[in-house]
Each structure stands twice: as C-alpha cells, then as structure tokens.
Protein chains: 2
Amino acid sequence: MVAEPGCAGTSTRQGPFADDCPSRVVLNHVANRWGTLIVTSLHEGPMRFHQIRDNIGGISEKMLSQSLRLLIRDGLIDRTVEPSTPPRVTYSLTPLGLELAALLRTLVDWITLRTDDIVAAQERYDRAQSA
Amino acid sequence: MVAEPGCAGTSTRQGPFADDCPSRVVLNHVANRWGTLIVTSLHEGPMRFHQIRDNIGGISEKMLSQSLRLLIRDGLIDRTVEPSTPPRVTYSLTPLGLELAALLRTLVDWITLRTDDIVAAQERYDRAQSA
DNA sequence: CGGTATCCCATGCGATACTG
DNA sequence: CAGTATCGCATGGGATACCG
C-alpha cells in the first residue's frame with residue numbers, strides 16, 4: 001500500500017496537497033473548467049442533457065458528456081433513463097453530490113458577488129505594470 | 001458594452017455561467033489544477049515561495065509562479081518584498097483573498113473527508129462496467 | 001533565495017460527423 | 001433526443017537552463 005484514501009500518514013502533506021492521494025484526482029474532477037459549473041447547475045434540480053448544456057455557456061457536448069461520466073463514476077451525480085421513445089435521460093445529484101453542490105454554490109455566488117472588485121484589482125494591476 | 005461585470009442582463013445566464021462574463025475568467029483562475037491549492041495553502045498564514053512549493057505536491061516552479069501572478073493580479077494575493085540580501089519575498093492573502101480562502105478551505109476539507117466514499121463509488125462503478 | 005526563458009510534449013477541448 | 005468517434009489545434013504544464 002502506498003497511499004491510503006485519507007492520506008493521513010503517507011507524508012507531511014495531507015489530502016489533495018499530496019500528489020499521490022486519490023483526493024487530488026477528485027479535486028481535479030471538480031475544480032476544473034467545467035466541473036464546478038456542472039455540479040452547481042444541478043443544484044437547481046434534476047436536468048436533462050441539453051438543459052445543462054444550454055445553462056453553461058460555451059460548453060461542448062463532448063466535454064459535458066465526458067465530465068458527466070467522471071462525476072457519475074465519483075458517485076456525485078446520478079443518471080436516470082426513462083424507457084420511453086425516445087428515451088428520456090435525467091441527471092441529478094446524489095446525496096453526496098448535494099453536499100458538494102452546496103459548497104460550490106457558495107463559491108460561485110461569492111465570485112459573482114465579488115467580480116466587480118476583482119476586475120477593478122486587475123485594472124489597477126495592469127495600470128501599475130504599464131507605468 | 002457587451003458584458004458588464006455582474007453580467008446580470010446580458011443573457012438568460014448569470015455570473016460564471018455566461019461564457020463572456022469576467023467572472024468566468026476568475027472562476028478559472030481559482031478552480032483549476034493549482035489555484036485552489038495555492039489559495040488554500042495561504043489560509044494557514046503568509047508563506048514564502050519555496051514553502052508553498054513544498055506544501056503542494058507535484059507543482060512545478062513555473063506553474064506556481066504563473067498562477068501566483070494571476071492571483072496577485074486578481075487582488076486575491078499580496079506579494080511583499082523585504083529589501084534585504086538576499087531579498088525575502090512573502091505571499092499572503094488580501095482581505096478579498098481571505099474570504100475566498102475560507103470557502104475553498106471548506107471545499108478541500110470536504111473532499112478530504114469524503115474521499116473514502118468517492119473511491120468506493122468509483123470501484124463500484126468500475127465493477128459494474130466490467131460486468 | 002526567488003524566480004524567468006526556452007523547449008517541447010501531453011492533454012484539454014472544440015468542430016464536425018455520425019449512431020441508436 | 002442523447003449522445004459517441006474522430007480529428008486537429010491550442011493551451012497546460014514539466015524539464016532544464018539561466019539570471020539578479
């Protein structure tokens with residue numbers, strides 16, 4: 001055994017700070033270009049494939065499909081198929097995913113709220129650099 | 001004007017869900033492979049370059065330097081140089097960055113706590129697929 | 001110590017076309 | 001509708017070497 005799940009005793013680093021810990025992988029599934037937005041979208045409620053795509057500007061079907069599969073594998077999202085014609089597929093958060101979505105929602109809301117401040121900081125920085 | 005900072009009225013989407021909103025860029029600075037870990041590291045207190053590098057397994061100096069510059073530009077991190085020989089450079093969170101770090105810390109802690117559950121889900125998924 | 005510059009490979013990701 | 005397959009480029013990111 002090299003790195004146990006919790007990664008408590010393998011090095012001085014813990015959790016995602018250790019690069020050989022499974023939690024690092026999980027963090028990368030969530031904290032990437034699309035993961036946060038997908039999970040946060042589903043916090044509104046169950047959605048179908050095209051609904052999610054339309055809710056997230058600029059995401060391609062390929063990346064949505066690929067990201068969904070990773071998150072389903074991680075046990076964060078459920079995929080439900082109603083056997084009709086055509087089949088109706090719905091994505092929803094698992095109890096585990098719901099916990100995570102609440103946290104990510106807070107993050108997204110904070111960024112939305114603070115974007116003005118951040119843009120102002122960027123402009124200050126750029127002006128200082130050009131001087 | 002195309003997209004105002006808050007991105008409230010430009011489309012049906014808001015905040016980072018709109019791909020032309022500045023908040024999307026900010027989200028990508030924070031929610032990527034290294035951003036979350038860097039900001040969370042500094043939640044412990046001010047740190048020097050090599051301390052941060054040593055605290056985050058697998059990060060290269062190039063990516064640390066590059067990511068730090070983006071986060072400094074966003075007004076989330078401060079860079080302080082003490083004029084000694086050799087100069088001593090310290091990175092710390094700004095008040096804005098501290099707010100963010102608290103949120104990200106919660107995220108990292110949750111992932112650390114739930115890694116066992118997630119790994120179990122992954123193994124269940126993989127077994128179901130191979131069957 | 002605290003970085004930057006360059007090189008180059010790996011992969012993320014979009015565009016397009018196709019399937020049940 | 002709900003995807004998958006293939007292609008190809010743009011970017012991310014590591015290795016190495018170098019600078020104040």
Side-chain angles (χ1 to χ4, degrees), chain A residues 16-20 24-39 41-42 46-74 77-92 125 129, chain B residues 16-20 24-39 41-42 46-74 77-92 125 129:
Chain A
F17 291 96
D19 63 346
D20 58 348
R24 170 72 68 91
V25 177
V26 176
L27 179 62
N28 290 160
H29 289 174
V30 168
N32 64 34
R33 192 166 172 193
W34 304 118
T36 297
L37 292 173
I38 293 171
V39 173
S41 287
L42 291 176
M47 296 177 82
R48 302 177 57 189
F49 189 84
H50 280 211
Q51 272 184 288
I52 305 175
R53 187 202 58 186
D54 294 343
N55 192 48
I56 302 175
I59 194 171
S60 66
E61 299 196 342
K62 174 184 164 182
M63 288 315 298
L64 178 54
S65 170
Q66 202 170 100
S67 304
L68 279 172
R69 232 178 302 128
L70 285 176
L71 295 167
I72 291 168
R73 178 170 181 266
D74 291 341
I77 291 181
D78 258 341
R79 182 180 191 270
T80 312
V81 184
E82 287 180 55
S84 54
T85 48
R88 174 176 293 250
V89 181
T90 307
Y91 296 91
S92 58
Y125 181 94
Q129 295 309 306
Chain B
F17 290 97
D19 62 346
D20 59 347
R24 170 72 69 91
V25 177
V26 176
L27 179 61
N28 290 160
H29 289 173
V30 168
N32 65 35
R33 189 164 173 193
W34 304 118
T36 297
L37 292 173
I38 292 171
V39 172
S41 285
L42 290 175
M47 296 177 84
R48 301 177 59 186
F49 189 86
H50 280 212
Q51 273 184 289
I52 305 175
R53 187 203 57 185
D54 294 343
N55 193 47
I56 301 176
I59 194 172
S60 65
E61 298 196 343
K62 173 184 165 183
M63 290 315 298
L64 178 54
S65 172
Q66 202 171 99
S67 304
L68 279 171
R69 232 180 300 128
L70 286 175
L71 296 168
I72 290 167
R73 178 171 181 267
D74 292 340
I77 291 181
D78 259 342
R79 182 181 191 271
T80 311
V81 184
E82 286 179 56
S84 54
T85 47
R88 173 177 294 247
V89 182
T90 307
Y91 297 91
S92 58
Y125 181 94
Q129 295 309 306

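Throughout, a chain's letter reflects where its sequence line sits, starting with A, and its residues are numbered from 1.
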Along DNA chain C, first and last positions that approach a heavy atom of chain B under 4.0 Å =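 The contacted stretch runs from C:dC1 to C:dC7.
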Round to a whole Å and report the spacing from [atom1] of [X] to [atom2] of [N].
X: A:Leu64; N: D:dA5; atom1: CG; atom2: P; answer: 16 Å
X: A:Ile72; N: D:dT4; atom1: CD1; atom2: C1'; answer: 14 Å
X: A:Asp54; N: D:dC1; atom1: CG; atom2: C1'; answer: 12 Å

Summary of protein contacts for nucleotides 7-20 of chain D, nucleotide by nucleotide, where a base hit scores B, a sugar-phosphate-only hit scores S (4.0 Å, heavy atoms) = B-----BBB-----
So, A:Thr90 side chain and A:Met47 main chain: donor-acceptor pair closer than 3.5 Å or not?
->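 No; zero donor-acceptor contacts below 3.5 Å.
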Would you please confirm or rule out a distance under 4.0 Å between OP1 or OP2 of D:dC1 and any side-chain N or O of A:Arg88?
->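 Indeed not, no polar side-chain atom of A:Arg88 lies that close.
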So does A:Arg79 get a side-chain nitrogen or oxygen closer than 4.0 Å to the phosphate oxygens (OP1/OP2) of D:dG3?
->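 Affirmative; the distance criterion is met.
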Restricting to non-hydrogen atoms, name the atom on [X] and the atom on [Y] that form the minimum distance, rounded to 0.1 Å.
X: B:Ser41; Y: B:Asn55; result: OG-ND2, 2.9 Å
X: B:Val81; Y: B:Arg79; result: CG2-NH1, 3.5 Å
X: A:Leu27; Y: A:Pro16; result: CD2-CB, 3.9 Å

Which pairs, with at least one residue in residues 55-69 of chain B and sequence neighbours excluded, count as a salt bridge (charged side-chain N to carboxylate O under 4.0 Å, His left out)?
->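 As it turns out, the salt bridge (charged side-chain N to carboxylate O under 4.0 Å, His left out) pairs with a partner in residues 55-69 of chain B, which skip direct neighbours, are B:Arg53-B:Glu61.
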Does a side-chain heavy-atom distance below 4.5 Å link [X] with [Y]?
X: A:Ile56; Y: A:Trp34; answer: yes
X: A:Ile38; Y: A:Ile77; answer: yes
X: A:Leu42; Y: A:Tyr91; answer: yes

Have a look at B:Arg69 and say if it touches a base, only the backbone sugar-phosphate, or nothing, with a 4.0 Å heavy-atom cut-off.
->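 Since only primed, P, OP1 and OP2 atoms lie under 4.0 Å of B:Arg69, the category is sugar-phosphate.
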